[in-house]
Amino acid sequence: MQTPVYKRILLTGVNGQVGHALHQALGHQKSLCDELICLDRSQLDLSNQQAIRDAVQTIKPDLIINPAAYTAVDKAESESELAYAINATAPGVFAEEAVKLGAKLIHFSTDYVYAGNKIGAYVEDDTTAPLSVYGKSKLAGEEAIRAVGLPHLIFRTSWVYGAYGKNFLHTILRLAKERETLTIVADQAGAPTSSRSISDAVTKVLGQWSGDSSGTYHLVNAGNTTWHGFAVAIIEQYSCLQRENGWPPLKVKHIQAITTAEYPTPAVRPANSCLDCSQLSRDFSISMPSWHDALVTELKALSIN
Ligand SMILES: NC(=O)c1ccc[n+]([C@@H]2O[C@H](COP(=O)([O-])OP(=O)(O)OC[C@H]3O[C@@H](n4cnc5c(N)ncnc54)[C@H](OP(=O)(O)O)[C@@H]3O)[C@@H](O)[C@H]2O)c1
């Protein structure tokens, strides 16, 4: 039998969207990983630095994958200390412990590291200028990893959703069953990205990455839309599948476009969250599915009730 690429992978955040998808994907990739050790928050609290150090030194992984994060973007504005502990300090601690073992690190970051005022899609070298505590804490996490100098990959993604987890897809379907009119922000552009697309791409990267080079990559579904465009597509695609599958009908009749100014939130979001994935395609020959195709896949995976 072929020797797996990794002896022991430590995966965090397994109850989150990306962690769950990676758990599913890596569990089926025996050629990649001999032993997959998954830790949820109850087993490893990322706000506890010593707990991270102890866990890594006990488990002795040769690869750490860290999708766990403080992702409550608005709440972070009033909980900055906790957001920084989980998003900024913890990734640096993982990196410090990994380097002691000669292990590699894969970490996830966000479109919110950018200000969102660029015309056109962001490339990885563009200036970062986060607008929110969440974005600043995630950028600090990236910098903490780079400062350690271990073999690492950081994937910046955006607008994550999927059949599994709490996300925009589920919120829209719930509201569309309750209300005739939805009002959705139409002046923020980006790429809805399914957790499944992320885990598929990361799994492909893992099969190729030797660890000789480190880097930061954009990793989002292809194309872009607005939150309003995404909501419209969710309703349209659900309605097509609803007829085929006999799913419950939706009450919604109108999806009204509104501006960010009409929907104020504690955290400021970038107007342009579009990320260019050319570097991922050049270095790992990965072409991401369109956000629309990924949406259809996720809708088909929903167990509607
Ligand atoms: N969600 C998005 O739209 C989005 C957009 C861009 C980038 N990203 C980035 O992509 C990555 C994956 O995000 P996601 O969508 O999978 O997030 P998610 O669904 O919110 O999952 C985050 C996970 O982190 C865990 N976590 C939170 N605090 C923790 C702590 N103190 N100790 C241990 N675990 C803790 C959560 O545990 P519980 O399950 O116990 O709550 C959850 O499992 C993150 O780095 C995120 O910043 C996400």
Side-chain angles (χ1 to χ4, degrees), residues 1-41 43-44 55-56 58-69 91 94-95 97-98 101-109 145 150-157 160-165 167 193-222 277 279-291 293-294 296-298 300-303:
M1 207 177 95
Q2 195 190 346
T3 314
V5 182
Y6 293 99
K7 261 180 77 180
R8 194 171 302 126
I9 297 180
L10 168 57
L11 175 65
T12 69
V14 283
N15 295 327
Q17 302 185 80
V18 173
H20 176 82
L22 282 166
H23 185 191
Q24 303 281 307
L26 293 172
H28 294 107
Q29 294 281 337
K30 297 296 169 208
S31 61
L32 272 183
C33 158
D34 199 20
E35 196 181 355
L36 177 64
I37 302 201
C38 302
L39 298 180
D40 65 18
R41 190 203 295 247
Q43 295 157 308
L44 177 60
V56 174
T58 305
I59 293 166
K60 299 196 189 320
D62 45 3
L63 174 68
I64 298 169
I65 309 181
N66 181 43
F94 273 122
E97 295 307 311
L101 299 169
K104 302 174 196 165
L105 176 64
I106 290 188
H107 181 68
F108 295 87
S109 189
I145 292 170
L150 82 167
H152 70 269
L153 296 175
I154 297 170
F155 294 109
R156 288 183 186 144
T157 188
V160 180
Y161 75 99
Y164 172 89
N167 53 58
T193 301
S194 76
S195 47
R196 192 185 315 263
S197 301
I198 295 172
S199 72
D200 285 349
V202 170
T203 308
K204 284 182 197 153
V205 168
L206 279 182
Q208 303 175 45
W209 181 49
S210 63
D212 288 348
S213 60
S214 295
T216 300
Y217 290 88
H218 290 166
L219 170 48
V220 295
N221 278 130
C277 293
Q279 195 158 303
L280 183 76
S281 155
R282 267 196 307 273
D283 290 0
F284 296 105
S285 306
I286 288 171
S287 93
M288 294 297 285
S290 77
W291 69 264
D293 287 352
V296 174
T297 303
E298 292 313 302
K300 286 180 176 168
L302 281 176
S303 45

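In what follows, every heavy atom counts, from backbone to side chain, and hydrogens, waters and symmetry copies are set aside. If you're wondering where the values come from, they're calculated on a predicted model, not measured in any experiment.
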Margin query: If I take atom CD from residue Q43 and atom CD1 from residue I37, how far apart are they, to the nearest 0.5 angstrom?
Written below: 10.5 Å
Check: Going by heavy atoms in the side chains, are I286 and V205 under 4.5 Å from each other?
Finding: yes
Item checked: Minimum heavy-atom distance between L10 and I59, given as atom pair plus value -> CD1-CD1, 3.9 Å
Check: Where do N167 and V160 land on the side-chain contact (heavy atoms from CB on, under 4.5 Å) test, with the steps shown first?
Finding: CA-CA 7 Å; N167 53 58; V160 180; over 6 Å; no
Checklist line | By side chain to side chain donor-acceptor pair (under 3.5 Å) - contacts of T216 (at least two apart) | finding: R146
Item checked: Spatial distance of atom CD1 (I9) from atom SG (C33) [nearest 0.5 Å] -> 4.0 Å
Notebook entry, point to check: Looking at side-chain heavy atoms only, is the closest gap between V202 and W209 below 4.5 Å?
Noted result: no
Notebook entry, point to check: Under the ring pair (Phe, Tyr, Trp, His ring centres under 6.0 Å) test, which residues partner Y164, sequence neighbours left out?
Noted result: H20
Checklist line | Side-chain touch I106/F155, heavy atoms, less than 4.5 angstrom | finding: yes
Checklist line | For V18 against P67, the heavy-atom pair lying closest together | finding: CG1-CB, 3.8 Å
Next item on the list: List in chain and number order the residues that pass ring pair (Phe, Tyr, Trp, His ring centres under 6.0 Å) with H107, two or more places apart in sequence or in another chain; answer none if no residue qualifies.
Entry: none
Check: Sequence neighbours excluded, which residues qualify as side chain to side chain contact (heavy atoms under 4.5 Å, CB included) partners of S199?
Finding: A21, L22, A25
Next item on the list: Check for a donor-acceptor pair, side chain of N221 on one end and backbone N or O of M288 on the other, with a separation under 3.5 Å.
Entry: no
Checklist line | Point-to-point distance, once rounded to the nearest 0.5 Å, from CG of L105 to CG of L63 | finding: 7.5 Å
Item checked: Counterpart residues, ring pair (Phe, Tyr, Trp, His ring centres under 6.0 Å), relative to H23 (two or more places apart) -> none
Next item on the list: Can you see which heavy atom on S213 is nearest to which on L153, and at what distance?
Entry: O-CD2, 4.4 Å
Note to self: If you apply the rule side-chain contact (heavy atoms from CB on, under 4.5 Å), what do you find for V14 with L39, and how did you get there?
What the structure shows: CA-CA 6 Å; V14 283; L39 298 180; over 6 Å; no
Item checked: Derivation of the side-chain contact (heavy atoms from CB on, under 4.5 Å) call for L150 and I145 -> CA-CA 8 Å; L150 82 167; I145 292 170; 4.1 Å; yes
Notebook entry, point to check: Out of curiosity, Y161 OH to S194 OG, how far, rounded to the nearest 0.5 Å?
Noted result: 5.0 Å
Next item on the list: Determine yes or no for a side-chain-to-main-chain donor-acceptor pair under 3.5 angstrom, with Q17 supplying the side chain and G165 the backbone.
Entry: no
Item checked: Any residue meeting side chain to side chain donor-acceptor pair (under 3.5 Å) with D34, in chain and number order, not counting sequence neighbours -> none
Next item on the list: Applying side chain to side chain donor-acceptor pair (under 3.5 Å), name anything that partners Y217, two or more places apart in sequence or on another chain.
Entry: D283
Next item on the list: Hey, could you give me each pair passing salt bridge (Lys or Arg N to Asp or Glu O under 4.0 Å) that has a residue in residues 196-209? Not counting sequence neighbours.
Entry: R196-E298
Note to self: Going by the rule side chain to side chain contact (heavy atoms under 4.5 Å, CB included), which residues pair with A103 if we only count those two or more places apart in sequence or in a different chain?
What the structure shows: A98, L101
Next item on the list: Drop me the distance from I65's CD1 to T12's OG1, to the nearest 0.5 angstrom.
Entry: 9.0 Å
Next item on the list: Quick one: list whatever passes side chain to side chain contact (heavy atoms under 4.5 Å, CB included) with S214, sequence neighbours left out.
Entry: P151, H152
Item checked: S210: side chain to side chain donor-acceptor pair (under 3.5 Å) partners, not counting sequence neighbours -> D212
Checklist line | L36 and Y6, any side-chain heavy atoms less than 4.5 Å apart | finding: no
Notebook entry, point to check: What are the two closest non-hydrogen atoms of T157 and L219, and how far apart are they?
Noted result: OG1-O, 2.8 Å
Check: Is there side-chain contact between I64 and V56, with at least one heavy-atom pair below 4.5 Å?
Finding: yes
Next item on the list: Any chance you could lay out the side-chain contact (heavy atoms from CB on, under 4.5 Å) test for W291 and V220, step after step, and finish with the verdict?
Entry: CA-CA 8 Å; W291 69 264; V220 295; over 6 Å; no
Margin query: Measuring from atom CG of N66 to atom CZ of F94, what distance do you get when rounded to the nearest 0.5 angstrom?
Written below: 5.0 Å
Notebook entry, point to check: Is a side-chain N or O of S281 found less than 3.5 angstrom from the main chain of C277, in a donor-acceptor match?
Noted result: no
Margin query: Show every salt bridge (Lys or Arg N to Asp or Glu O under 4.0 Å) that has at least one partner inside residues 4-14, sequence neighbours left out.
Written below: R8-E35
